[in-house]
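Right, one structure below, let's go through it.
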Amino acid sequence: MLVTNHVLSGALIGGAVRRPVPAFLLGVASHFALDAVPHWGKWRNQRHFLCVAVPDGLAGLAAIGALAAVAPAGWRLTVLAGMAGAALPDIDKPTKLVFGWSPFPRVVDDFHMAIQREEPRRAHYELAAAAMLGATTLAILRKRR
C-alpha cells in the first residue's frame, strides 16, 4: 500500500481514538492490515519503484501537514500519533535505499514482506482507498470540531 494511504488510515484512527499511545499502536497494526489487502506493487526495477515512491512520499508528507492543520487542537497529537504509527513500518524503504540496512529486526522485515499482496495493475485500488480514507478522515475530523 502506498504510504499516503497509510497516513490517511492513521489520521482516521487518530480521529477516532482518544489517546495518542493507542492511536500509535493501532496505526502500526493498521499498516500491516492494509499491506495484507491486495494493492499496487511488484515494480519492474528500483527506478520504477522510485518513480512511484518519491511522489507518494511527498504526498504522504503533505497529507501529514494538512491533516495536522485540519485536526482540532485537542485531537492533533492523537491524529499525529496515528499517522506516525501507520507510516512507521515503511521507514525500512528509505533506510535501505540510503544506508543499505533496515532499522527493524529481520523477523519484522520478513513478516512485512510475506503479507504483501502486490500486483502491477492495481493503481485503481490505491486511488479508491485514498478517496475513501481521505473522505472518512475529513468527516471524522470535522465532527471533532
Side-chain angles (χ1 to χ4, degrees), residues 1-43 48-99 101-145:
M1 190 72 53
L2 296 175
V3 76
T4 301
N5 285 335
H6 290 301
V7 166
L8 292 170
S9 71
L12 176 60
I13 290 166
V17 175
R18 294 185 183 263
R19 295 185 322 243
V21 171
F24 178 84
L25 295 174
L26 288 169
V28 171
S30 78
H31 182 100
F32 295 112
L34 285 177
D35 276 356
V37 171
H39 60 280
W40 195 23
K42 285 198 179 176
W43 314 108
H48 185 229
F49 166 74
L50 290 174
C51 285
V52 174
V54 170
D56 175 47
L58 294 172
L61 285 172
I64 290 169
L67 291 167
V70 169
W75 289 87
R76 191 164 295 130
L77 180 60
T78 304
V79 170
L80 285 166
M83 291 189 290
L88 179 67
D90 275 347
I91 199 73
D92 64 330
K93 289 158 184 71
T95 59
K96 284 178 186 174
L97 181 68
V98 175
F99 303 114
W101 52 268
S102 169
F104 303 116
R106 184 177 181 90
V107 66
V108 173
D109 287 337
D110 290 346
F111 171 75
H112 196 183
M113 288 303 298
I115 65 168
Q116 298 291 327
R117 301 290 178 257
E118 297 177 327
E119 290 298 330
R121 292 189 175 98
R122 291 185 176 160
H124 60 288
Y125 288 10
E126 300 284 345
L127 295 174
M132 289 184 298
L133 289 166
T136 306
T137 300
L138 288 174
I140 291 281
L141 293 178
R142 283 187 184 158
K143 186 177 180 181
R144 297 289 174 230
R145 287 187 178 257

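- Here the shortest heavy-atom pairing between Ala11 and Leu67 reads CB-CD1, 3.6 Å.
- Separation of atoms CD1 (Ile91) and NZ (Lys96) is listed at 12.0 Å; rounding is to 0.5 Å.
- Between the CE atom of Met83 and the OG1 atom of Thr78 there is a distance of 10.5 Å, given to the nearest 0.5 Å.
- Between the side chain of Asp92 and the backbone N or O of Phe104, no donor-acceptor pair lies under 3.5 Å.
- Nearest heavy atom pair, residue Gly57 against residue Val3, reads CA-CG1, 4.0 Å.
- Across every non-hydrogen atom of Leu88 and Phe24, the tightest pair is CD2-CZ, 3.8 Å.
- Of the inter-residue distances, the one linking Met132 atom CE with Leu127 atom CG reads 11.0 Å to the nearest 0.5 angstrom.
- Taken to the nearest 0.5 Å, the CG atom of Asp56 stands 4.0 Å off from the CG atom of Leu2.
- For the side-chain contact (heavy atoms from CB on, under 4.5 Å) criterion with Leu12, the lone passing option out of Leu141, Ile140, Leu138 is Ile140.
- Nearest heavy-atom pair, Ala81 versus Pro20, reported as atom, atom and distance to 0.1 Å: CB-O, 3.4 Å.
- Taken to the nearest 0.5 Å, the CD atom of Glu126 stands 7.5 Å off from the CH2 atom of Trp40.
- Residues Arg144 and Pro72 share a closest heavy-atom pair of CB-CG, 3.6 Å.
- Separating the CG atom in Leu8 from the OG1 atom in Thr136 is a distance of 10.0 Å, to the nearest 0.5 Å.
- Annotation: side chain of His31 is not in contact with side chain of Met1 (no heavy-atom distance under 4.5 Å).
- Two residues are said to be in side-chain contact when any heavy atoms from C-beta on lie closer than 4.5 Å; Asp35 and His6 meet this criterion.
- Nearest approach of Leu80 to Ala68, heavy atoms of both residues: CD2-CB, 3.8 Å.
- Looking at Val70 and Arg142, their side chains never come closer than 4.5 Å, going by heavy atoms from C-beta outward.
- Applying the salt bridge (Lys or Arg N to Asp or Glu O under 4.0 Å) rule to pairs touching residues 104-124 yields Lys42-Glu119, Arg106-Asp110, sequence neighbours excluded.
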